Protein chains: 2
Amino acid sequence: MKLSKRGEYGLRALQDLAVRYGAGSVSNKDLAERNNIPPRFLEQILLTLKHGQIVRSHKGPRGGYYLARPPQQITLAEVVRLLDGPLAPVSCVSATAYEPCGCPDMEACGLRRVMQQVRDVVAQMMEETTLGDLVAE
Amino acid sequence: MKLSKRGEYGLRALQDLAVRYGAGSVSNKDLAERNNIPPRFLEQILLTLKHGQIVRSHKGPRGGYYLARPPQQITLAEVVRLLDGPLAPVSCVSATAYEPCGCPDMEACGLRRVMQQVRDVVAQMMEETTLGDLVAE
DNA sequence: GATTAGTCCGACTGAAATTGTAGGAATTTG
DNA sequence: CAAATTCCTACAATTTCAGTCGGACTAATC
């Protein structure tokens, strides 16, 4: 049930970008230093975030990254799905990557019912929490 | 956020044992066949479940496995923690495997707050759901 | 227009976890 | 004793994870 380092680092970096939203771009180097993330690794992560339309960037000196949308419009679910894959604990209850499991009777499977509930509550929390919520006080 | 095959297979097998609780022991072979689990792999899983005091066994012909306690006294949390490790999405909010993360300010970390909530709600669901609940109708 | 700070991209690598398999010893039933 | 079963340890294939590296490209600044 654990998030990968990619996910963790990515979220930390985005939280940092959310704090600074509107104040220009932040370089990979700064993000890495402030958040204790291996810089070369973070570079890779930011690139996937860019391809996923979550951040934008510009190059050259004084270049860097910034959020592609206001923090209130970026949900944790979106980020985690991009960096870490589906939220569901088992694929037979996944909204985004459904696959049947090998249980004898799908309908009667109590396990599936409760895993579905777990997925639903986690998905709901992640979907209704935005980067904006993270940095609001 | 996904459960391992170990966890999934283990839970499926235990659900099966819960249905048959009180009616003697079930062999690894039967469990494997009924639940579509590689038998040799399941054997290994059942062994860890045994060491974790969740099942008992007896050997020889007509031997097999059975729950060590009534299904109502075995929680999903216990099983998942045994087979899959901590429930927390990040280790800085884990009850059973706490480790500090690298974020600049632990207290101010919004990410940590929401991850804590996710952990709490998942842990609560898993802790209050028993094998008995799985097979009740 | 050269320098320099930065992103962009793909390839690579080492270590660890995951998902099993295999062999054989021990035990119990019939 | 024969057969069925668990127990235990070791091994192996594959995949994933976490991170590194080299170098191309781009833009700002002096």
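Note that the structure is predicted; figures quoted are calculated from it, not measured.
One atom, CD of A:Gln44, and another, P of D:dA18, lie 11 Å apart when rounded to the nearest Å. Distance CD1 (B:Ile45) to P (C:dT19): 9 Å, rounded to an integer number of Å. Rounded to whole Å, the distance from CG on B:Leu42 to C1' on C:dT21 is 14 Å. Rounded to whole Å, atom C1' of D:dG19 lies 15 Å from atom CD of A:Glu8. A straight line from CD of A:Glu33 to P of C:dA5 spans 14 Å, rounded to a whole angstrom. Rounded to whole Å, the distance from CD on B:Glu43 to C1' on D:dA4 is 12 Å. At whole-Å resolution of the value, CG in B:Leu83 and P in C:dA17 are 16 Å apart. Separating the CZ atom of A:Phe41 from the C1' atom of C:dG14 is a distance of 14 Å, rounded to the nearest angstrom.
A:Asp120 and A:Gln124 share no side-chain donor-acceptor pair at under 3.5 Å.
A sub-4.0 Å separation between OP1 or OP2 of C:dT19 and a side-chain N or O of B:Tyr9 is absent. The phosphate of C:dT7 (OP1 or OP2) has no side-chain N or O of A:Tyr66 nearer than 4.0 angstrom.
Within a 6.0 Å radius of CZ in B:Arg69, more than 12 heavy atoms belonging to other residues, nucleotides or ligands are found. Around the CZ atom of A:Arg56, the shell of radius 6.0 Å holds no more than 12 heavy atoms that belong to other residues, nucleotides or ligands.
When distances are taken from the side chain of A:Lys59 to each of C:dG20, C:dC8, C:dC9, the shortest belongs to C:dC8. Among the nucleotides C:dG6, D:dT6, C:dC8, the one closest to the side chain of B:Ser57 is D:dT6. Here the side chain of B:His51 is nearest to one of C:dT28, C:dT7, D:dC8, namely D:dC8.
Ion pair B:Glu43/B:Lys29 not flagged as a salt bridge, since none of the NZ, NE, NH1 or NH2 atoms sits closer than 4.0 Å to an Asp/Glu carboxylate oxygen.
If you find the closest nucleotide of DNA chain C to B:Lys5 and to A:Leu46, the one lying nearer the 5' end belongs to A:Leu46. Closest-nucleotide positions on DNA chain C for A:Leu47 and A:Gly60 were compared, and the one nearer the 5' end corresponds to A:Gly60.
The residue B:Lys29 sits apart from the nucleic acid: no heavy atom pair falls under 4.0 Å.
With hydrogens and angles left out, the side chain of A:Arg40 and the base of D:dG22 share a donor-acceptor pair within 3.5 Å.
A:His58 and A:Tyr66 have tilted rings, their planes meeting at an angle from 30° to 60° on a 0 to 90° scale.
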